[in-house]
Undergrad: 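Here it is, the structure, as structure tokens.
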Amino acid sequence: TFHIDFALPVDHDLMAGYEEWRRKSKDSVMDYGFHMAVTSWSDKVKKDMETLVRSHGINSFKFFMAYKGALMVTDTELLQGFSQCKELGAIPQVHAENGDAVAHGQDYVVNSLGVTGPEGHAMSRPEVLEAEATSRAIRLAEFVGSPLYVVHVMGKQPAEEIARARFRGSRIIGETVTSAISLNESVLWNSNFTEAAKYVMSPPIRSAESGAAVKAALAGGILQLLGTDHAVFNSTQKKAGIRDFRAIPNGVNGIEERMHVAWEELVNSGAMSPMDFVRVTSTEAAKIFNIFPQKGTIARNSDADIIIFDPKVRHTLRAASHHSRMDTNVYEGKTITGKVVTTISQGRIVWNNGKLNVRRGAGRFIPLEPFGSMYHGVHKRNLHDGESLSKQSGSTVHDISEL
């Protein structure tokens with residue numbers, strides 16, 4: 001009932017990207033907001049971030065530590081971005097993989113091992129590179145004094161880095177996705193290219209053992225919420241990398257399947273209560289992105305956005321019956337017990353017993369205000385840390401007006 005999409009800059013121009021996403025969403029049938037991606041750094045980018053936060057309802061910015069030569073930012077740019085986010089009260093988010101090491105791994109896998117199929121994707125960007133980047137981003141955020149949101153945590157090792165940071169008291173949010181808790185990397189070794197390529201995403205789907213650890217981290221509160229990283233390419237588009245996995249477009253489906261897969265993997269398995277299911281799929285996100293209690297709860301004066309979930313309905317996920325134009329589905333053949341049977345948006349029934357009843361353009365852009373819960377008390381904490389450092393060094397803070 002409410003979607004926050006990642007909006008990409010146009011030629012590294014944030015304002016142009018924002019305007020393009022607003023244009024694309026003018027016929028939306030559901031309420032929505034945006035995260036903005038930052039893919040370079042300049043005085044203009046810094047100013048555009050300020051404009052987007054203060055005038056256009058953007059309160060989060062995503063930085064890519066991967067995709068060298070395209071979207072990746074340097075550590076210097078991360079520091080500048082985190083600092084600007086802190087100043088504006090916006091949430092810095094990171095795609096955490098070591099882009100330099102990934103490029104090295106890809107070159108080694110292709111040119112030394114001779115592996116060019118989809119399995120090379122997993123081989124070239126192992127979990128340790130996700131863990132290293134997660135740790136580095138956390139330490140840089142701690143240095144700057146900003147909170148941090150780590151998107152699509154795919155493995156046990158990066159989840160452990162988040163656990164250690166939260167144990168230290170750092171303001172770190174860890175998000176995982178449905179593919180991480182329900183799939184395993186063996187699918188990338190399928191001899192059928194179309195079948196294997198549909199699972200290519202970054203960071204890659206990990207081992208069954210690592211996926212089980214991520215699920216446990218989500219159930220136990222080490223990770224806080226469940227997204228999708230929905231980014232779809234049909235089988236024809238994926239075939240761009242049939243001779244070299246590096247050219248396979250990255251991304252899997254998940255928006256339509258998220259609630260159903262989460263219920264099966266978390267509630268039906270006994271890993272999580274229905275109340276915690278609501279928290280990780282709805283309430284937590286509303287709080288983090290500072291739109292609670294307008295969204296994320298059923299209460300007086302909150303938006304009348306409600307789903308009715310029947311826990312007894314059995315159904316099977318298939319490309320032939322899903323509502324996307326995609327010709328593949330990474331959850332193909334997965335049987336679920338529990339289904340959304342009714343959806344209410346803005347007080348209107350928009351989905352009921354398999355029938356869609358929406359109006360083009362009924363979706364509203366919902367501005368997201370800065371300085372949400374992740375910033376509560378941060379300035380006091382930074383002041384205390386600064387005073388402690390001053391005492392430890394024996395230095396004195398002077399008022400330059402007296403000099």
Side-chain angles (χ1 to χ4, degrees), residues 35 53 59-63 65 75 78-98 127-128 130-176 180 213-227 272 275-276 279-280 283-292 296 368-395 397:
H35 313 282
V53 171
N59 73 356
S60 58
F61 295 90
K62 182 179 180 180
F63 300 85
M65 301 172 76
D75 284 359
L78 269 185
L79 287 166
Q80 292 167 321
F82 288 0
S83 296
Q84 179 67 341
C85 283
K86 178 186 172 184
E87 178 70 21
L88 298 172
I91 301 168
Q93 301 175 289
V94 290
H95 171 133
E97 286 183 288
N98 186 315
E127 191 172 325
V128 65
E130 185 185 353
E132 185 280 329
T134 301
S135 175
R136 179 159 40 99
I138 288 170
R139 294 296 187 175
L140 292 178
E142 289 173 339
F143 172 68
V144 168
S146 72
L148 181 67
Y149 183 118
V150 183
V151 304
H152 50 52
V153 175
M154 296 298 292
K156 177 182 178 181
Q157 293 180 44
E160 289 173 339
E161 296 295 340
I162 291 168
R164 279 190 276 269
R166 289 176 64 84
F167 184 77
R168 293 193 298 270
S170 298
R171 295 286 179 88
I172 309 298
I173 292 294
E175 167 210 277
T176 190
V214 171
K215 185 193 299 187
L218 179 63
I222 293 170
L223 303 177
Q224 286 67 53
L225 71 167
L226 185 74
M272 182 177 284
M275 289 72 72
D276 280 334
R279 173 179 58 80
V280 301
T283 307
E284 193 70 29
K287 290 180 177 179
I288 290 168
F289 294 106
N290 205 20
I291 198 170
F292 183 89
L368 302 173
E369 295 297 321
F371 292 106
S373 60
M374 289 185 72
Y375 275 95
H376 292 176
V378 164
H379 69 289
K380 296 178 183 178
R381 184 180 201 161
N382 291 337
L383 178 63
H384 177 268
D385 290 345
E387 289 173 345
S388 297
L389 284 172
S390 178
K391 290 176 182 178
Q392 290 171 21
S393 65
S395 62
V397 178

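These numbers come from a predicted model, not from an experiment. Sequential numbering from 1 along the given sequence is applied to the chain's residues.
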Undergrad: Can you find a heavy atom in the side chain of H95 that is under 4.5 Å from one in the side chain of K62?
TA: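 In contact.
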Undergrad: Under 3.5 Å, is there a donor-acceptor pair between the side chain of E132 and the main chain of N98?
TA: no
Undergrad: I need the E127 CD to E97 CD distance, nearest 0.5 Å.
TA: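 So the gap between those two atoms works out to 11.0 Å.
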Undergrad: Answer yes or no: is there a donor N or O on one side and an acceptor on the other, between the side chain of Y375 and the main chain of A90, under 3.5 Å?
TA: yes
Undergrad: Is the distance between the ring centroids of F63 and F82 under 6.0 Å?
TA: yes
Undergrad: Are there over 12 heavy-atom neighbours, none belonging to K156, within less than 6.0 Å of that residue's NZ?
TA: no
Undergrad: Any sub-3.5 Å donor-acceptor pair from E284's side-chain atoms to R279's backbone N or O?
TA: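 Side chain of E284 to backbone of R279: no pair is present.
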Undergrad: Could you point out which residue of S60, P92, P370 forms a side chain to side chain contact (heavy atoms under 4.5 Å, CB included) with C85?
TA: P92
Undergrad: Do I91 and I173 have side-chain heavy atoms sitting under 4.5 Å apart?
TA: no
Undergrad: Which heavy-atom pair separates E175 from G227 by the least distance, and what is that distance?
TA: CG-N, 4.0 Å
Undergrad: Over 60° means perpendicular and under 30° means parallel, so tell me whether Y149 and F289 are parallel, tilted or perpendicular.
TA: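 Correct class here is tilted.
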Undergrad: For A131 versus E161, what's the shortest heavy-atom pair and its separation?
TA: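 Looks like O-CG, 3.7 Å.
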